[in-house]
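Please read the structure below before turning to the comments.
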Amino acid sequence: MKATAKAHTNIALIKYWGKRDERLILPTNNSLSLTLDGFYTKTTVHFRNDLLRDVFYLNDTVVSGEAYNRVTKFLDLVRQQFGKQDLYADIRSTNAVPTAAGFASSASGFAALAAASTRALGETMTEEALSQLTRQGSGSACRSIYGGFVEWQMGMKADGSDSYAVPVAPAHHWDVRVAAVVLNATEKDVSSREGMKRTVDTSLFYQGWLDGIPQDLIDIKDGIRHRDFEKLGAIAEANCLRMHATTLGAIPPFTYWNHLTVQVMETVRQMRQIGIPAYFTIDAGPNVKVLYLPEYEYKVEQTLRELPGVADVILSRPGEGITYL
Ligand code: ADP
Ligand code: DP6
């Protein structure tokens with residue numbers, strides 16, 4: 001009753017930003033991501049008859065509090081789904097990604113947990129069913145089941161049975177690279193969960209955000225199909241800016257950016273002015289991810305590393321979906 005799974009994080013090019021059902025984690029819009037090979041989680045789940053509660057170790061440290069509750073709550077769903085209510089687990093997870101700093105540790109974390117826990121119970125699930133289950137741990141995690149370009153279809157049903165991710169193009173379709181610019185790898189103040197809720201509940205700009213999604217999705221999928229990098233990058237960057245604009249219209253207003261974030265954004269725009277096609281995107285944290293093509297890797301990395309305040313630049317290629325170890 002033991003299994004190990006590895007899942008990569010993903011970076012959203014069209015963001016998931018808002019829920020219509022918080023318990024089931026049902027989103028208000030479709031989103032689209034690229035799975036990254038540079039950041040991942042490996043999780044081993046061991047269901048044991050002698051345990052009276054779950055035990056969770058993250059990076060060799062025992063976890064309690066909110067992060068522990070999220071994991072046991074998720075395992076409760078798994079136990080309930082497969083009729084194993086009396087079985088507790090020893091969970092050992094390692095993040096090859098900074099935790100809770102806007103690098104999507106929750107995405108790789110819950111995708112690996114869903115895959116390892118269901119496999120440990122001897123269950124074989126379709127990718128669609130696994131994505132649907134994973135979604136209930138963390139929304140963006142449902143996209144990490146697949147490699148390459150992935151769309152999370154929001155679905156319409158109240159029970160969430162049509163809300164899961166589907167593959168758009170595999171990792172080998174197009175070698176789009178991502179440089180993660182590490183400015184501040186400490187845990188953030190406003191989690192993505194809290195930030196999106198505040199925005200949905202209070203931001204005057206939220207409807208504007210939703211209105212832009214359908215066309216962004218059509219255009220970005222066209223860009224992916226034709227490997228049109230300028231198109232992909234321009235849409236991803238504009239979509240990111242509109243997501244972050246909603247936070248400024250929230251009550252109380254907030255932003256995930258700091259002065260270094262803005263400096264990196266400006267540098268990316270300057271790279272384009274001198275003929276280097278690069279575009280940025282930012283999740284719920286100050287760090288910036290820069291999209292570029294392989295032939296510009298050296299120039300992009302050098303430029304970013306030279307900036308003051310940049311602690312590290314981690315390069316990533318398109319990554320694969322779930323694997324079992
Ligand atoms: P991030 O930008 O890193 O995704 P979030 O605030 O969205 O930040 O999510 C971080 C939370 O995800 C952690 O506090 C923890 O609850 C959960 N998490 C991170 N890594 C793991 C893991 N390997 N296994 C289970 N849960 C994890
Ligand atoms: C800005 O998936 O972390 O990264 O569903 O509440 O766990 P929960 O939120 P989460 O939010 C991710 C938000 C984002 C955009 C994205 O990844 O699409």
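In each ligand, atom 1 is the first atom listed, and ligand 1 is the first ligand listed. Sequential numbering from 1 along the given sequence is applied to the chain's residues. Excluded from the calculations below are hydrogen atoms, water molecules and symmetry mates; all remaining heavy atoms, backbone and side chain alike, are included.
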Practice task
Taking the side chain as every heavy atom from C-beta outward, state whether Val181 and Asn287 have any pair of such atoms under 4.5 Å apart.
Solution key: no
Practice task
List for me each residue that meets side chain to side chain donor-acceptor pair (under 3.5 Å) alongside Tyr292, sequence neighbours excluded, and say none if there are none.
Solution key: Glu297
Handout entry: Closest candidate by heavy atom, reference atom 22 (C) of ligand 1, pool Ala107, Ala7, Gly109
Key = Gly109
Exercise for the section: Pull out every atom of ligand 1 sitting under 4.0 Å from any heavy atom of Asn95, numbered as shown with elements. Expected result: 19 (C), 20 (N), 21 (C), 22 (C), 23 (N)
Problem - Salt bridge present between Arg79 and Asp76 (N-O < 4.0 angstrom) - result: yes
Problem - Atom indices of ligand 1, in the order listed, that fall short of 4.0 Å to a heavy atom of Ser93 - result: 22 (C), 23 (N), 24 (N)
Fill in the blank from the handout: Distance filter under 4.0 Å, heavy atoms only, around ligand 2 gives Ala12, Lys15, Tyr16, Trp17, Lys19, Ile25, Arg70, Ser106, Ser138, Gly139, Ser140, Arg143, Ser192, Arg193, Met196, Met243, Asp283, Ala284
Practice task
Could you label the plane-to-plane angle of the His244 and Trp257 rings as parallel, tilted or perpendicular, counting under 30° as parallel and over 60° as perpendicular?
Solution key: tilted
Exercise for the section: Salt-bridge test for Glu22 and Lys19: reply yes if a basic N is under 4.0 Å from a carboxylate O, no otherwise. Expected result: no
Problem - Proximity of Val71 to ligand 1 by residue part, where a heavy atom lies under 4.0 Å - result: side chain
Handout entry: Any N/O pair Ser191/ligand 1 closer than 3.5 Å
Key = no
Fill in the blank from the handout: Numbered in order shown, the ligand 1 atoms found under 4.0 Å of a heavy atom of Phe56 are 24 (N), 25 (C)
Problem - contact_flag Leu58 ligand 1 heavy-atom lt 4.0 Å - result: yes
Problem - Winner among Gly285, Ser105, Ala116 once heavy atoms are compared against atom 1 (P) of ligand 1 - result: Ser105
Problem - Trp152/Tyr164 aromatic ring centres below 6.0 Å - result: no
Handout entry: Modelled atom types, side-chain donor and acceptor of Gln153 and Asp162, under 3.5 Å
Key = no
Handout entry: Part of Ala67 within contact of ligand 1 (heavy atoms, under 4.0 Å)
Key = both
Problem - All side chain to side chain donor-acceptor pair (under 3.5 Å) counterparts of Asp50, not counting sequence neighbours - result: Arg48
Problem - Side-chain (Arg135) to main-chain (Leu24) donor-acceptor, under 3.5 angstrom - result: yes
Problem - Met125 vs Leu133 side-chain heavy atoms within contact, under 4.5 Å - result: yes
Fill in the blank from the handout: For Lys231, the side chain to side chain donor-acceptor pair (under 3.5 Å) test, sequence neighbours excluded, returns Asp222
Practice task
Would you mind listing which atoms of ligand 1 come within a distance below 4.0 Å of any non-hydrogen atom of Thr41?
Solution key: 23 (N)
